[in-house]
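In what follows, a structure is listed as structure tokens, so that the remarks can point back to it.
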Amino acid sequence: MAASAPGAAPETEPETEPETEQTSFREEIRAAMREALLADDRVFLMGEDVGGYGGAFGVSLGLVEEFGPDRIRDTPLSESGFVGAGIGAAVAGMRPIVEIMTVNFSLLALDQILNNAATLLHMSGGQVSVPVVIRMTTGAGRQLAAQHSHSLEGWYAGIPGIRVLSPGTLQDARYMLAPALADPDPVVIFEHGSLYNATGPTAPRPESFDIVSAAVRRTGRDVSLISHGGSLPKVLAAAEALAADGVSAEVVDLRSLRPLDGATIAASVARTHRAVVVDEGWRTGGLAAEIAARIAELAFYDLDAPVERVCGAEVPVPYPKHLEDAAIPQVADIVAAARRAVG
Amino acid sequence: MAASAPGAAPETEPETEPETEQTSFREEIRAAMREALLADDRVFLMGEDVGGYGGAFGVSLGLVEEFGPDRIRDTPLSESGFVGAGIGAAVAGMRPIVEIMTVNFSLLALDQILNNAATLLHMSGGQVSVPVVIRMTTGAGRQLAAQHSHSLEGWYAGIPGIRVLSPGTLQDARYMLAPALADPDPVVIFEHGSLYNATGPTAPRPESFDIVSAAVRRTGRDVSLISHGGSLPKVLAAAEALAADGVSAEVVDLRSLRPLDGATIAASVARTHRAVVVDEGWRTGGLAAEIAARIAELAFYDLDAPVERVCGAEVPVPYPKHLEDAAIPQVADIVAAARRAVG
Amino acid sequence: MSRAKKPPQSRKPSPASAAESEAPAEPVLSEETKHLLELVDQMLLIRAFEERCVELYSAGTIRGFIHLYIGEEAVAVGVNAALSPDDAVVSTYREHGHALARGVPVEAVMAEMYGKATGCSHGRGGSMHLFDVERRFYGGNAIVGGGLPIAAGLALADRMTGRNRVTCCFFGDGAVAEGEFHETANLAALWDLPLLLVCENNLYAMGTPLEREHAQTDLAMRAASYGMPAWAVDGMDAVAVERAARRAVDGILAGNGPHFLEMRTYRFRAHSMYDPDRYRDKAEVERWRERDPIPLLARRLPPGAADLEEMTKRATAVVDRAVAAAEAAPVEPVEDLYRFVSHEGS
Amino acid sequence: MSRAKKPPQSRKPSPASAAESEAPAEPVLSEETKHLLELVDQMLLIRAFEERCVELYSAGTIRGFIHLYIGEEAVAVGVNAALSPDDAVVSTYREHGHALARGVPVEAVMAEMYGKATGCSHGRGGSMHLFDVERRFYGGNAIVGGGLPIAAGLALADRMTGRNRVTCCFFGDGAVAEGEFHETANLAALWDLPLLLVCENNLYAMGTPLEREHAQTDLAMRAASYGMPAWAVDGMDAVAVERAARRAVDGILAGNGPHFLEMRTYRFRAHSMYDPDRYRDKAEVERWRERDPIPLLARRLPPGAADLEEMTKRATAVVDRAVAAAEAAPVEPVEDLYRFVSHEGS
Ligand SMILES: Cc1ncc(C[n+]2csc(CCOP(=O)(O)OP(=O)(O)O)c2C)c(N)n1
Ligand SMILES: Cc1ncc(C[n+]2csc(CCOP(=O)(O)OP(=O)(O)O)c2C)c(N)n1
Ligand SMILES: [Mg+2]
Ligand SMILES: [Mg+2]
């Protein structure tokens, strides 16, 4: 299905993309998986249509030809079954990368993720490690309507026992996987569907690289724009627009949604005294709520204005473009919220 | 399983309970269902062991004898299947009460609840109504360990398209069901396992009764203690302790977790200038985060101190009593948080 | 209420045949021939509708995920012919054919593809979420297997209220691997629900061939293991499909509980727009195209009874009008974003 | 690595038999008799352990949910006898018997019931979450059906790394209705996983009798529909259980993929402590008690070979020591609450 996402046509895009120094999220994630598969026999990729089809979004295109159907393993439509099998294989010492086609379908595997992956280590008194990496596409923006447009990062970020990552840059798309696989605990990686085709220059291999700290992608004085993943480009564009307008916005990219890097967030707010949190998930009880609450706890006396939340509208995402656009954060909404914050 | 909860032994307790003017949560919920079954042929109860067994917590004890196995319908262990069937029956005009034994198992039905129950009305452009009521037990406190002690109210409270209720008083246990069944949209009712045996005088049938507004259970000047469901008794006890100590605490019972009654919350904080939110769910991304964020938005300039969150520790709930007690909010924790708030 | 098997002509005519009926009916045609002509008309309408969707999608006029039914039309029209207006239908994201065969107006379906306020789901759903409650069409569901428990619930309501009618649920071969299929099959058989389970086995779940989805590829046999009548049918032959569906519906109405039909069919197009269809052998696709359900059924008609060219023109004209209407139709105002979230419009 | 079928005595002896082995072995006993005596010892230990649990629970010493295995012991000891130490086991919340048969030290299991730091899960899990990774016992799982996909994953790892060993998953008749059973059975059969599926059919899922859980109550036949060898076994007869398990294990090790065994058994006690057992006819319970697996097996031994009274005393003594140790053991300090949440102790 996903393959029909206009924005995510794996088969057409790669061809048309300049293959020189430019690269895309899709290619970087594929390169990361390829490297992991080459480096460690225990690593394998499992999910619906990851093999012959190349992945619903074409992320694993070509891998089955190189690594074979055993390590690039197509699964039946059985989300709870194959995610649980990935968890079990990890318990047995493998390093599975389990791809859930989209976060929408991950609800069918949530029992396995919460009650087993996140819980086995503790229930067993430290005996059972679950070094599994679960990748899933998230987000709206391609007119896929109510059952294919969720952003449930906030729920996963609330589960003790797992690590949750949300790459928003090509470098993170490329280099977050290795440390995730090295983590003895379960790691969930969210890939925003609208980023797969995002291109840019290939990032150099970083000297040191962590998956725990947030990154300040742009420094500013007047307001902190805090976001991650698919919203990051919009936030950077908003910061640009605000600058043109004399408002100096700092952009904090969370990168890790669990654990949250409260120190970096608080430090930024301590500098700017104002915060806007941008997350595509539903506003009530979403990730933005936690970040707003944290800021109010960590930087209460630094805040000069209420924390602004720019979130998804609380509707099952509608199909028509004009309504979908209205349902998820747009650059203009971020700019407006920042203006309210700076008063 | 649940039937073995010491605190929830339906077969032993009712006998030992004084049957005169005193009543219990269990009896009030049963009375509410009985009334609904008598009042409307479209109402039926469906779930695992709701019939002959009387419900895992004995809530439906005796109903199958009165209404028969068709309307008090035992289901196989198929959470997604029978919850979905309840949704479908509601679409067809019935008024099903679907009992999910505990919230822990509701993860297996979450796809049906989110992607169908909460979404069908919108996806169909207003054509498909889903007047289903889903009851589930929630919470820890009975040493049931990591897979039987969740409090996921915060997740459900974040789903557009459904109403979420959390009775914390005998009166709400008794009278929330009828308006929930009258609601043309899906309603999820959380029953805290530790409340079933809570007893008190039978509440009079209220003149008017709503399921949208929060209730101030105790008025106070110095701090607002905001909570719901199973934590309410602890919060009232904390208020008592604080009073003995010269701290006047106001107790706000949310009652409805979605929609949240922001007005009542804000009004209380406007009076007290300090807030402590108490919820048994994991702190990060839980219900308390949303309430803290709301307060900071609605009452920013009224707040004299950061909002305190007293929540479940971020661990899969451990089995031993001393560790479980340490993992969920206790009266002492609430008192301490209130003291921090009033400074 | 019990009901007798209704003769074909008593069933809701499809829009296309409605259009046709204005033309003077060829007097010499038997009822049976007229019925088959109606099925051909319905298939032509679905085909014309979807071929137009391809153009509109390529032009960027319609968006989202579009899953074409081209090649599988005999299943939708054959099954629908066995259903009566008060039966219910639950479908998937590949449901243009089911909706049109059910009689959802072409204009409303096309407007939905456009996301217009006049769409059969008010424009909120798009291709994967077509609804028409008046016709008891309970929708496209885009979660594979997600419609199965809902269908069981619709059937349960009829069972509990003693209404003798059928709920028909369409799903694919891939859906059979989902736990929800298992739970629904067991519930339906256990509770003797009036449920018609129609598995459209087109041999692939996206890019995964049947034999890599299922250990036991005889899906009818798998279903039979739940203790329900189940058999496989040539899904390219509308007559065979209708006959099987009638037998199943009669069995259900007779109180024999759920029935499972494995419709052996094939999609001529890729899984969805832009799927490059790398995983299927072109020769295989060609072999199936030779069994295109439309000419297959037309060949069964008495010589001269079916002028496919003429009938295609009529279907195309119906689609043309639907496109024109959709183009002209209004969209919902942005202010109405929160409409339909709840009855209160919370 | 391939491996030969190991003779019984090469298997890890259970603590009870270890205790026993200190006593001079009766010289006239055949290997077979010794092996059966060992199985009786294991069953007596499980029985004694659980009867003590009832007392401790009633006294309020241990808490949480306690699901007794009393009456089903033959399944645990018979299946375990067919497994070798490098095989893996995944179980349910009714797993005292599986853990003890597997050789998890009684002291560690009893300490876990107490929630003590010396428990086999450090006291974190309690009755429903017994773990012992050293013995490849991957735990009690309290989500019905939740262990099945995990077991498939353990088997998948062996399959991918070419280790020729078995993963055994225990689950109940009720679990077969869960979608996860279906998904796991299909995956295992599709991928030829070395998985032994042991369904403990005790005729009830909590208070719901088999015929109200399943449309098709012949569970072995249902499993066979996935294309795997499956048959029913007298679960009260430890010898029949072991024979069947050996056949299945041999088939799995020979590369024939997953096998399913339906163990026809019965729980003599209620579903859990405090379940008043309203839903079962006392006469039915009595009939089954007449087939108590312990005397049933003892009767097969040569006259005089088994002194049940004496053996029971030994088992009770083992449990006494375990209780004493558990009583004396320390609990984890509250400061360690966050321990084991993640390797970082985040
Ligand atoms: C639960 C779930 N998993 C995965 C998907 C993505 N997806 C959409 S259609 C499809 C293939 C379904 O195959 P089948 O059931 O045979 O139906 P067909 O498309 O062949 O008609 C997949 C994997 C989904 N929509 N829902
Ligand atoms: C997913 C899930 N649903 C419901 C429960 C509650 N529950 C615990 S055991 C049980 C009955 C299981 O029956 P069966 O599988 O036959 O195993 P048995 O207890 O008979 O050994 C139920 C309903 C649960 N623990 N998990
Ligand atoms: Mg298919
Ligand atoms: Mg059972």
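Below, chains carry the letters A, B, ... as their sequence lines are ordered, and counting in each starts from 1. For the numbers below, each heavy atom of this structure counts, side chains included, while hydrogens, waters and symmetry mates do not.
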Please collect all ring-ring contact (aromatic ring centres under 6.0 Å, His included) contacts where either partner lies in residues 159-180 of chain D, sequence neighbours excluded, each pair once. D:His98-D:Phe170, D:Phe171-D:Phe181
Just do the side chain to side chain contact (heavy atoms under 4.5 Å, CB included) check on C:His182 and D:Glu180 with the steps written out, would you? CA-CA 9 Å; C:His182 172 72; D:Glu180 287 188 328; over 6 Å; no
CD (C:Glu178) and CG (D:Asn186) are apart, to the nearest 0.5 Å, by 10.5 Å
For chain C, which residues of residues 209-217 of chain D have at least one non-hydrogen atom nearer than 4.5 Å to it? D:Glu211, D:Arg212, D:Glu213, D:His214, D:Ala215, D:Gln216
Any residue of residues 189-204 of chain C which, by heavy atoms, sits under 4.5 Å from chain D: C:Ala189, C:Leu190
Heavy atoms only: give me the nearest C:Ala177-D:Glu183 pair and the separation to one decimal. O-CG, 3.5 Å
Chain C-proximal positions within residues 227-237 of chain D [heavy-atom distance under 4.5 Å]: none
